[in-house]
Amino acid sequence: MKRLLLPAILLILLAGIYISYCSAIDADRTLPNTTVNDTDISDMTFKEASDALEADAKERQKSSVFTVSYAGRDYTLSVGSALQMDPNAAAQEALRKSQTGFFLRGLTRLGARFTENHIQYPKMSTDAEEFHRILEDSRILDKKNADPASYKIENEQLLITAKSAWKVDEEALMRELAAAIQTKDFSGTIECPLACDDLDNLERIYDELHTACRDASLDPSNDYAITESVTGVDFDKELAGKKLSRAKAGSTVAVELHYTEPEITTEDLKAHLFKDTLGTVTTPVGGSANSRTNISLAARKCDGIILLSGEEFSFNNTVGIQTAETGFKTADAILDGEIIQAYGGGICQVSTTIFAAALYANLKIVERWNHDYIARYIDAGLDAAVAWDALDMRIANDTPYPVRIDVDYSGSALTVTLLGTRTDDAVIEITTKTLDNPSDNLLEIVTYRNVYTEDMSQLFIEKVAHSVYEKSRTIN
């Protein structure tokens with residue numbers, strides 16, 4: 001009996017000692033022999049471990065300056081700002097290992113005294129945008145390890161050598177740098193990892209070869225000198241990319257080149273610039289001396305205006321505001337149906353004559369207003385009233401060639417001639433139709449532009465204006 005009692009007492013004693021040991025263990029401290037990388041955080045609280053690891057992380061970021069070799073040149077990369085380390089997570093992971101169940105706590109701690117508890121922290125993540133900025137600042141991305149002869153042109157085909165272009169593999173480079181940071185190996189030179197750059201190289205080739213087709217034209221910033229026409233060059237970039245992705249290194253990928261010839265070549269424009277009279281109209285000039293002064297000034301402002309293909313002419317923008325300071329005189333003008341004296345009175349004859357010439361030139365009419373009264377100098381339906389910041393007369397050059405507005409004022413007549421280049425044999429006839437109006441004092445007219453072929457076969461009829469006038473008076 002005594003033999004059995006002694007071991008039992010010893011066992012109870014050992015159990016008591018173990019329980020006391022478990023009770024004495026501070027579960028809020030890390031285990032013995034605990035290191036994170038090479039930082040010892042044994043028997044530390046969470047705060048102590050976190051502080052130690054944060055100091056280590058800052059030291060790693062500060063020391064993260066590497067020499068990277070690429071294409072025969074060394075680049076210095078300071079990548080600390082792109083690193084994102086979490087010391088708290090490492091401390092929490094270390095503390096978790098010590099926080100086992102009560103009865104396992106003693107065994108865990110005893111075992112830790114004889115075995116190393118190493119945790120591979122701080123875990124690092126990288127800010128890709130920040131890392132890319134660092135690479136850009138170092139100028140390592142400026143170097144394109146591409147064979148300049150990786151493509152050539154033969155028989156209207158683009159021949160590209162596959163796998164001939166390489167670039168910095170940013171993800172692989174960051175992984176190598178992170179591994180070096182993990183081991184605090186900042187001394188060696190890292191050979192820059194490369195990635196095939198065929199698609200980026202394709203963009204470079206496209207940028208070098210792609211040319212937009214451009215007609216010859218005139219350059220307003222260079223005294224309207226003739227600009228050279230350009231033959232367009234293009235190829236199917238998507239198709240080329242698919243072929244390159246399937247091609248073996250060193251093989252040749254062939255892609256058809258597409259050429260687009262300009263409709264108006266330099267030689268064509270030189271030979272035909274302003275050679276045709278598209279439309280010309282002359283109106284008699286009357287009225288007061290001030291009105292004729294205003295007509296002369298507006299005519300000079302409009303004379304010689306050149307409209308490139310697609311451009312608009314605005315009478316108001318061209319002539320500008322009419323004031324004494326801009327040289328205009330007071331003469332008859334219409335305001336709210338009444339004839340008054342206003343600066344610029346009479347200039348509507350210039351806008352009218354340009355409008356009428358544009359009708360015969362078959363140009364697009366963008367904006368036109370009729371007067372309240374019939375003008376003496378042109379048939380009803382063909383006038384064009386203007387008023388600064390209210391009514392404008394606008395036409396557009398919808399031909400492929402430039403058009404020039406020539407305005408000649410002789411004192412008794414105003415002539416507008418639109419010069420350009422005829423592209424067809426159309427014949428223009430302007431007609432008007434008087435509509436029935438319930439008021440005896442109103443004249444209502446619709447203006448049509450009739451377009452015929454040279455043999456007078458009808459092409460189309462276009463309604464270009466609708467006018468309503470008071471019959472009670474006329475204006476100069």
Side-chain angles (χ1 to χ4, degrees), residues 36-39 53 56-87 89-90 118-152 159-208 237-238 240-253:
V36 175
N37 290 331
D38 56 358
T39 302
L53 293 176
D56 178 65
K58 289 181 178 179
E59 180 60 31
R60 290 174 189 271
Q61 289 175 318
K62 181 180 178 181
S63 302
S64 295
V65 180
F66 296 92
T67 299
V68 177
S69 177
Y70 175 49
R73 179 180 169 184
D74 288 343
Y75 297 84
T76 300
L77 302 182
S78 179
V79 299
S81 61
L83 300 177
Q84 296 172 338
M85 304 183 195
D86 192 351
H118 181 72
I119 303 172
Q120 193 70 18
Y121 267 89
K123 287 184 176 178
M124 287 181 295
S125 60
T126 56
D127 183 333
E129 289 186 5
E130 174 65 9
F131 184 59
H132 183 74
R133 184 196 65 76
I134 291 168
L135 294 181
E136 284 186 328
D137 289 347
S138 74
R139 310 307 293 269
I140 194 172
L141 299 181
D142 293 351
K143 180 71 174 177
K144 290 291 184 181
N145 190 14
D147 178 4
S150 60
Y151 76 92
K152 59 183 178 179
L159 306 178
I160 308 174
T161 303
K163 310 297 185 294
S164 62
W166 301 88
K167 66 178 179 179
V168 174
D169 189 333
E170 295 188 29
E171 290 186 7
L173 177 58
M174 191 62 243
R175 285 196 299 270
E176 287 199 31
L177 296 179
I181 294 166
Q182 201 80 48
T183 59
K184 291 189 175 180
D185 181 9
F186 305 109
S187 59
T189 297
I190 295 176
E191 189 67 31
C192 184
L194 302 179
C196 180
D197 194 26
D198 272 348
L199 294 184
D200 280 359
N201 192 38
L202 181 61
E203 288 289 344
R204 175 181 65 84
I205 295 172
Y206 189 81
D207 290 342
E208 289 180 9
K237 186 168 58 174
E238 183 178 353
K242 289 180 179 179
K243 287 186 174 184
L244 281 171
S245 65
R246 297 192 297 263
K248 295 181 179 179
S251 63
T252 299
V253 169

(request) With sequence neighbours left out, write down each residue that passes side-chain contact (heavy atoms from CB on, under 4.5 Å) with T252, or none if nothing qualifies. (result) L159
(message) Return the CG to OH distance between L135 and Y75, rounded to the nearest 0.5 Å.
(response) 11.0 Å
(message) Whether the Y151 and E208 side chains hold a donor-acceptor pair (N or O, under 3.5 Å, no angle test) is what I'd like checked.
(response) yes
(request) Name all residues meeting the side chain to side chain donor-acceptor pair (under 3.5 Å) criterion together with E59; count only those two or more places apart in sequence or in a different chain, and write none if there are none. (result) S63
(message) Holding to side-chain contact (heavy atoms from CB on, under 4.5 Å), I want the full list of residues that pass it with E129, two or more places apart in sequence or in another chain.
(response) D127
(message) Taking E136 first and then R133, would you say they form a salt bridge - that is, a charged N and a carboxylate O separated by under 4.0 Å?
(response) no
(message) To the closest 0.5 Å, what do you measure between SG (C192) and CZ (F66)?
(response) 13.5 Å
(request) Any chance you could measure I205, atom CD1, to I160, atom CD1, to the nearest 0.5 Å? (result) 4.5 Å
(request) Apply side chain to side chain donor-acceptor pair (under 3.5 Å) to E238 and list each qualifying residue two or more places apart in sequence or on a separate chain. (result) none
(message) Measuring only between side-chain heavy atoms, which start at C-beta, is S64 closer than 4.5 Å to L177?
(response) no
(message) Which residues pass the side-chain contact (heavy atoms from CB on, under 4.5 Å) test with S78, not counting sequence neighbours?
(response) V65
(message) Can you tell me how far apart CD (E203) and NZ (K237) are? Round to the nearest 0.5 Å.
(response) 3.5 Å
(message) Once side chain to side chain donor-acceptor pair (under 3.5 Å) is applied, do any residues pair with E170, and if so which ones, sequence neighbours excluded?
(response) H132
(request) May I ask you to test the L173-V168 pair for a side-chain heavy-atom distance under 4.5 Å? (result) yes
(request) First locate atom CD of E176, then atom CG of D169, and finally report the distance between them rounded to the nearest 0.5 Å. (result) 9.5 Å
(request) Mind checking the CG-CD1 spacing from L77 to I190? Nearest 0.5 Å is all I need. (result) 8.5 Å
(message) How close do A57 and P87 get, counting heavy atoms only, and between which atoms?
(response) CB-CG, 4.2 Å
